[in-house]
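Here is the structure we will look at.
Numbers for residues simply follow the sequence, beginning at 1.
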Amino acid sequence: MNPLRIAVLSHVRYPIARPFMGGMEAHSWHLVRGLRARGHDVTLFATGDSDGEVPLWPILEEHYDRAYPWHRFNGTPELTQYLDLAFEQAVTALREGGYDVIHNNCLHRFPPRMARRDRVPMVTSLHVPPFPVLQRAVHDSAAPWSHFTICSERQRHAWWPDGAPNETHVVPNGIDLGEWPFSARGDGSAVWAGRITATKGPHLAAQAARIAGLPLTLFGPIEHQGYFDAELRPLLGPSIRYGGHLSNADLAAAIARASILFFTPLWDEPFGLVAIEAMACGLAVAATDMGAVREVIGPAGRFAAPGDPAALARAAKEALEIPREIPRDRVERHYSLKIMLDSLERTYDAARDGMTASAPPVAFEQVKLPARQGSLR
């Protein structure tokens, strides 16, 4: 593929910097570095406190969760207006920047609508289950030059329950296998990793580990302190401990020493990046059967209904019998960074090729867009 000028537009709740707050931040960080390593000229549109190691266009001076914590401000007029003003400026810079293609990795409604209306080649990656405002924008915006990637078949159906357009592609997330080295044996303990918040279910992992008699260490940033204090802290003790928010290298080493990962989403999980990171180290997974979990983990795990710690404990005991080569092999065959980047480059080509195709004009009333000089509502 010939080198391209690519703008990568990221989510702005947290900075694109290590240690990552979650999978979306990790995805953007590895994406821009991976594209740069392939010779592309990459600009990262993100918060000013990001560190993607490529030129940065600051959408906000700093990530918004500091001034507008999500648990207090999500869906409020204050946060909506704040983000609308920022993304209005960002889409203007994107439209006028002369980029060969834009990779939209954010959750705002403006970028895909701008791409559809103004005929700008764009690939939008959908990392979360659908929510009404963005789903309307996504459904309005597919075009030969405006493509979408979804990280699992489960999420393709969630976003387009009546059938997805031709411009959609399932592109699973990929990881740098060198950063998650395989370990041939574990020490008999369990780990859990992720943001400490209710939808990630760390309390369920702690309950199941106690039932199974497995020592457990939980790692990750405390996103919701009230949840940690009320639901998780009472479960901590000599065999179940909180290990903090580690650097990526330290986290990989800690995971590789363990024998099993508890993966406990309590929402419609789109993918499960932490699961494939642990699988790359050789860990089998005991998981709640939510969203795309079974699709992604496959034979490298055992599954339990959500909210059933006893069933999850049984799944953990069964998963301990899975040879460590099986999880590693699954990641190598399906979830490497190389595989992901190869797939994304093909979608970039498809969006750019679509610029010569005809498409019906977008009805002004349908997408509710004002003039180009106004905001994209």
Asp353: which residues meet the side chain to side chain contact (heavy atoms under 4.5 Å, CB included) condition with it, sequence neighbours left out?
none

Do [X] and [Y] have side chains that get closer than 4.5 Å, going by heavy atoms?
| X | Y | value |
| --- | --- | --- |
| Leu218 | Ile240 | yes |
| Ser152 | Pro172 | no |
| Val293 | Phe263 | yes |
| Glu88 | Met114 | no |
| Leu94 | Val120 | no |
| Thr124 | Leu126 | yes |

Gap separating the CG atom of Leu283 from the CG atom of Leu261, nearest 0.5 angstrom
6.5 Å

Can you tell me how far the CZ atom of Phe148 sits from the CE atom of Met122, to the nearest 0.5 Å?
9.0 Å

Determine, using the 4.5 Å side-chain heavy-atom cutoff (strictly less than), whether Val296 and Leu312 are members of one ILVMFWY cluster.
no

Using a strict threshold of under 4.0 Å (side-chain N to carboxylate O), is an ion pair present between Asp342 and Lys338?
yes

Residues Arg113, Asp140: salt bridge by 4.0 Å N-O rule:
yes

Yes or no on side chain to side chain contact (heavy atoms under 4.5 Å, CB included) for Arg13 and Met24, after CA distance, side-chain angles and deciding distance?
CA-CA 10 Å; Arg13 182 180 175 188; Met24 289 188 65; over 6 Å; no

Tell me whether the rings of His139 and Trp160 are parallel (<30°), tilted (30 to 60°) or perpendicular (>60°).
parallel

Members besides Met21 in its Ile/Leu/Val/Met/Phe/Trp/Tyr cluster (side-chain heavy atoms under 4.5 Å):
Tyr14

Residue pairs, two or more places apart or on separate chains, that pass side chain to side chain donor-acceptor pair (under 3.5 Å) and touch residues 192-210:
Trp192-Thr264, Arg195-Glu223, Thr197-Glu223, His203-Tyr227

What residue pairs, at least two apart or across chains, pass side chain to side chain donor-acceptor pair (under 3.5 Å) with a residue in residues 176-185?
Arg18-Glu179

Partner set under ring pair (Phe, Tyr, Trp, His ring centres under 6.0 Å) for [X], not counting sequence neighbours:
| X | result |
| --- | --- |
| Trp145 | none |
| Phe303 | none |
| Tyr68 | Phe73, Tyr82 |
| His147 | His169 |

Given 3.5 Å as the limit, does a donor-acceptor pair link the side chain of [X] with the main chain of [Y], or not?
| X | Y | answer |
| --- | --- | --- |
| Arg5 | Gly98 | yes |
| Thr288 | Pro265 | yes |
| Arg36 | Glu53 | yes |
| Glu25 | Gly22 | yes |
| Tyr99 | Leu4 | no |
| Arg352 | Pro121 | no |
| Ser239 | Pro215 | no |
| Ser10 | Ala46 | no |
| Arg328 | Ala280 | yes |
| Thr80 | Thr76 | yes |

Less than 3.5 Å apart, which donor and acceptor atoms pair up between the side chains of residues 56-63 and the rest of the protein, not counting sequence neighbours?
from	atom 1	to	atom 2	distance (Å)
Glu62	OE1	Arg66	NH1	3.0
His63	ND1	Asp49	OD2	2.7

Applying salt bridge (Lys or Arg N to Asp or Glu O under 4.0 Å), which residue pairs with at least one partner in residues 282-298 are found, sequence neighbours left out?
Asp289-Arg294

For residues 306-326, which residue pairs pass the salt bridge (Lys or Arg N to Asp or Glu O under 4.0 Å) check, not counting sequence neighbours?
none

Any residue meeting side-chain hydrogen bond (donor to acceptor under 3.5 Å, both in side chains) with Arg346, in chain and number order, not counting sequence neighbours:
Ser343

For Ala142 against Pro165, the heavy-atom pair lying closest together
CB-CG, 3.9 Å

Asn2 CG: over 12 foreign heavy atoms closer than 6.0 Å:
no

